Amino acid sequence: MKLLLIHSDFIEYEVKEKAIPQPEEITVKSGRLEEALTVFVAVEKVDEKAPVQAVKEAADAIVKMAEQLKVCNIMLYPYAHLSSSLASAKVGKEVLVNLEAELKTRGAYTIKRSPFGWYKAFTIKCKGHPLSELSREIVPTGEAKSSGEETESLKQERKLSSYWYILSENGTLQEIDAFNFQGHENLKKFAFYEKEKSRAVKQEPPHVKLMKSLEIADYEPASDAGNMRFYPKGRLMKSLLEEYVTERVIDYGGMEVETPIMYDMDHPTLSKYLARFPARQYQIESDKRKFFLRFAACFGQFLMAHDATISYKDLPLKLYELTRYSFRREQSGELTGLRRLRAFTMPDVHAMVSDMDMAMDEFVIRYNLCLSVLDNIGITTDDIEMALRTTKDFYEKNKAFMVGLAKKFGKPVLLEMWDERIFYFILKYEFNFVDTSDKASALSTDQIDIENGERYDITFTDKDGVRKHPYILHCSPSGAIERVIYALLEKEAIKISKGQKPMLPLWLSPTQVRFIPVTDEFLPDCERFNSELTMLSPYYVIRSDIDDREESVSKKIREAEKEWIPYIIVIGDRERSSGTVTPRCRLPELGGGEYTIAQFHEHVIARTRIYPQKKLPLPLYLSKRPKFTG
RNA sequence: GCCGCCGUAGCUUAGCCCGGUAGAGCGGCUGAUUUGUAAUCAGCAGGUCAGGGGUCCAAAUCCCUUCGGCGGCUCCA
C-alpha cells in the first residue's frame, strides 16, 4: 500500500463521474475537512495477500503521523495513481473501508473518507512545513510472517532430528563431542562454529585491506551493499578463475548455456519455490509485472531442460552456466569484503541422472573434479574442511560410499545426519574455508536433488519407453568466484602474520614479470627483452610490464614487492652485454639464477601452461597507469 | 535485520575527552637528481572534517538524525 500524507489547512472534494464500472454507492456528493491530515491511499497487489495486516500497519503509520502533527481530523482519499501495481477494485474498496473503521478505534479522530471508484475534483491547501508532505509504503508482513514461521519450524524440526558426527578417513564414526580434535583445529572451529565464544579482539578480515591495496576490488557506495567494483587487476583475476573453472567443467562434459538473470514472480513453478523463502531476493518492476533477480542458476537450466527432449541415452546430461551475477539479499550485518556478497559470480553445473546408482557414480566424478579444481586454483585440502550431510537411512545403506569420500579427502570430515529428509536433497557435501576470524565459508559443493526433477516437470524417456523424472545433481566446482579470491587473500594474510612472504598463485598474478631499467638509458633494452619474451609463443602469455617511471631502482623494487610481483628483472649494463637475465624471484620455489630469455620463458610457462592465458589489461608502462586506490 | 564502535585531502592519519582560523606522511603536479635489487631531494596544489538538523557569540569537537563501514548476534535455500 502506498500512502501520501499531507498536513493541510483544508481538503475539499466533489464527486464527478464513475471511474470504474462498479464504484462505491454514495449518497453525499462532496466533503470538506479543516486542519486535516489528508491521506492519499493506493492499495496494491501485495496487500491482497494480507489485507488485515495491511490495514493494521497503515493505521499505525497514519496514527503515528497524526500524533506527531497533533491533528485530530483525517481524510482518507483513494488515489490509484500512486502505484503501478494496484490491487483489484474489490480488495481496494474493502481495505479502505476497513482502514477507516480501524482508525476510528484508534482514538478520538474525526475520520472522513472520499468515495472509491469515482472521478473527483479536489482542492487542498498544504501547510508546507518540512513535515507536511510525506509518503509511506506499507508492505504487509502477514504473508512473510507466516512463511517465516514456517521456515522457523522447519529449522526447529531440523535441529531436533539432526545429529552431528565426525567421520574419519579410516572409516570410524564418532559423536562430535567424543572426537579428539588434536591436530584438526580448523575442523573443530568449523564443527563448533555456533558454540564458539567470541574472542577479545575481533577485527575485520585481513582480505578487505588487501583487496583494496592490491587494486582488486572495492566497495561501491553508489550501489547496494555487497555489490562490489572490480579494478582491472581484480577483473583479470576473476576472468582467469571464471575461464579456468569453465574449461574444467567443459572437459567434464558440461554444456555451457546462458539464461536470463530475472524471472517472473508469478510463474507457477517459480512462485512455489519462492514462497518458501520470502524477502530474500531483489525484486524489480517492469510495467505491471514483477520480477526477481535469480539467486542461483538452477531456474534457467531447469526451464531449459523442461522443454528439451531427453533420452536415457543422453544421461547423465550436464548443463552449465557461470552466472554473472546471482543475487541474494543477505542480511546487511553479514556482508564483509568479498566473503559474502549480494551480487556474486557462481559457476553452477547440474547433472540429470536416471536413478540413484547413476547419481552416486556421477557424484564421485564431480567430487574429484571439485577437489582438483580447488587444488589447481591454489586451495588445497589443508586449507579447507569438509561437511557431508545426509539422512541416517542413506548413510546406513551407503556406508562404504561415504567413507570413500572421507578417505579421498584425507582427513576427518563433519557429518550431519537427519532422521528423515528435510530438504530437497538426500546427500550433500561442501568444502569450507575457515578464516582467521574463525568464520567458515563454503566453496565447492554438490547435492543429489530428488525433488526438482518433478517440480519442474523435467522428463527423459527411459529404455522401456516410459517418461520419467531424473534426479538432479547441483554442483559449484569452485564456489563463488569472489569467495575464491577472498579465500586466496585470507590464506596469504595468514602467511603475512607468520612473517612469510605473501603471493598470489603465479597464474593469477596480474603482473608476472616486471622489468626495471637501471636508468632510462636502458629502457630500450627493457622493451627488447620484453618483446622477445612475449613474442616467443603465440599461445602462452606471460604478463610482463615495464617500470619506466623516474624513480630509484630501490623504490621500484620496493613497490614491485608490495604488489607481490613474482619475478622482478633489473636491466642494466650486465644484461645488455650478456643477453641474459637474473630475476629476483619472490619465493624459492619460483626458481633462481641466470636465464636466457628463452629459458626464462620456458621456466614460467611450465608453471602456467595448464591455465587460461590472458593478457594484462593495463598499460605496459607504469608511467601510464592511474592509481585506483591510495 | 538488531546492538555496539567508527567516519577528518585520492590513501593512511593528528586534532575530538576539555568548543576558539584543520596539521602531517604517502600519492598527484613542477623542478633538480640518472640511480644495480624494499622509500633521492626541494617546491606547489589538494579539506562543504560523511549528509542533514540542533545547542552556542562560536562546532571537526557537544546533542539528535540519516547514510556508509567494521565487530558481535541472527542468518546463510
Side-chain angles (χ1 to χ4, degrees), chain A residues 130-131 141 144 147-148 150-152 154-155 158 193-194 196-205 208-209 212-213 215 218-226 273-281 295-296 298 326 328-337 339-342 344 389 422-425 428 430 432 437-442 445 447 449 451-452 474 480 483 501 514-523 547 549-565 567-576 581-586 623 625-630:
Chain A
L131 272 176
T141 52
S147 322
E150 224 174 274
T151 54
E152 190 58 35
L154 209 72
K155 207 172 68 190
R158 176 183 165 183
Y193 186 48
E194 281 164 33
E196 277 290 292
K197 296 280 175 277
S198 64
R199 284 200 200 146
V201 186
K202 288 282 188 184
Q203 47 196 351
E204 72 169 16
V208 177
K209 282 209 168 63
K212 293 183 189 185
S213 62
E215 295 196 319
D218 212 336
Y219 297 112
E220 175 51 78
S223 184
D224 189 24
Y273 200 39
L274 269 178
R276 280 181 69 196
F277 305 104
R280 292 297 303 280
Q281 56 278 323
F295 44 88
C298 304
S326 286
R328 297 183 191 183
R329 280 193 39 90
E330 303 289 5
Q331 292 184 88
S332 56
E334 268 307 305
L335 306 166
T336 296
R339 183 163 55 204
R340 169 163 286 137
L341 298 173
R342 284 183 172 173
F344 55 96
R389 301 172 205 270
I422 297 158
F423 298 110
Y424 58 79
F425 54 84
K428 172 186 183 176
E430 318 120 27
N432 287 271
S437 356
D438 299 348
K439 293 247 186 192
S441 305
T445 176
Q447 319 166 349
D449 167 0
E451 275 183 9
N452 280 306
H474 301 238
R483 188 172 278 181
K501 271 192 186 179
R514 171 153 301 160
F515 289 100
I516 298 177
V518 171
T519 68
D520 54 13
E521 184 202 337
F522 295 98
L523 198 51
D547 192 345
R549 297 171 306 159
E550 289 192 39
E551 299 288 353
S552 68
V553 172
S554 293
K555 182 164 184 178
K556 290 179 185 177
I557 286 173
R558 176 181 154 80
E559 293 190 1
E561 295 284 4
K562 281 171 72 181
E563 262 187 76
W564 300 3
I565 290 172
Y567 297 103
I568 301 168
I569 301 177
V570 178
I571 300 294
D573 257 329
R574 291 205 291 270
E575 287 71 19
R576 178 185 282 177
V581 294
T582 311
R584 177 183 164 115
C585 303
R586 188 164 177 81
S623 67
R625 291 184 194 172
K627 286 201 160 43
F628 288 100
T629 61

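Every chain is numbered from 1 and lettered A, B, ... according to where its sequence line falls, protein lines coming before strand lines. Just so we're clear, the structure is a prediction, and the values are computed from it rather than from any experiment.
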With a 4.0 Å cutoff (strictly under), does any side-chain N or O of [X] reach OP1 or OP2 of [N]?
X        : N     : result
A:Arg329 : B:C75 : no
A:Lys627 : B:G28 : yes
A:Ser332 : B:G1  : yes
A:Ser213 : B:C11 : no
A:Lys555 : B:G27 : yes
A:Thr519 : B:U35 : no

Side-chain H-bond candidate by donor/acceptor type, A:Asn432 with A:Glu430, under 3.5 Å: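 Yes, because at least one side-chain N or O of A:Asn432 sits under 3.5 Å from a partner of the opposite role on A:Glu430.
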
Whole angstrom is fine here: how far is it from [atom1] in [X] over to [atom2] in [N]?
X        : N     : atom1 : atom2 : result
A:Arg625 : B:G28 : CZ    : P     : 14 Å
A:Glu559 : B:A38 : CD    : C1'   : 10 Å
A:Glu521 : B:G36 : CD    : C1'   : 13 Å
A:Asp438 : B:G72 : CG    : P     : 10 Å
A:Glu575 : B:G36 : CD    : P     : 13 Å
A:Phe295 : B:C75 : CZ    : C1'   : 16 Å
A:Arg558 : B:G36 : CZ    : C1'   : 18 Å
A:Arg342 : B:G68 : CZ    : C1'   : 13 Å

Flag if over 12 foreign heavy atoms under 6.0 Å of NZ, A:Lys501: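 Enclosed: over 12 neighbouring heavy atoms sit under 6.0 Å from NZ of A:Lys501.
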
Nucleotides 41-48 of chain B: protein proximity per nucleotide (B base, S sugar-phosphate only, - neither; heavy atom, under 4.0 Å): --------

Could you tell me the Watson-Crick or G-U partner of [N], where both distances fall under 3.5 Å? Say none if there is no partner.
N     : value
B:G27 : none
B:C17 : none
B:U35 : none
B:A58 : none
B:C5  : B:G69

side-chain contact (heavy atoms from CB on, under 4.5 Å) assessment of A:Lys555 paired with A:Arg549: CA-CA 10 Å; A:Lys555 182 164 184 178; A:Arg549 297 171 306 159; 5.7 Å; no

Could you check which of [options] has an atom nearest any side-chain atom of [X]?
X        : options             : result
A:Phe425 : B:C70, B:A77, B:U40 : B:A77
A:Ile557 : B:G36, B:G1, B:U37  : B:U37
A:Arg574 : B:G71, B:A77, B:G36 : B:G36
A:Gln281 : B:A77, B:A38, B:C75 : B:A77
A:Asp520 : B:U34, B:U35, B:G69 : B:U34
A:Lys439 : B:A38, B:U37, B:G72 : B:G72

Ion pair check, A:Arg625 and A:Glu215, cut-off under 4.0 Å: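 No, A:Arg625 and A:Glu215 are not salt-bridged.
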
Whole-angstrom distance between B:A45 and B:A9, as gauged at atom C1':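 Approximately 11 Å lies between the C1' atom of B:A45 and that of B:A9.
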
Pairwise P distance for B:G7 and B:G51, with rounding to whole Å: 13 Å

Just the table, please: protein N/O against nucleotides 5-10 of chain B N/O, every pair under 3.5 Å.
{"from": "B:G10", "atom 1": "N2", "to": "A:Gly630", "atom 2": "O", "distance (Å)": "3.3"}

base_contact_polar (B:G68 base, A:Glu220 side chain, donor-acceptor, <3.5 Å):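 Side chain to base: no pair present.
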
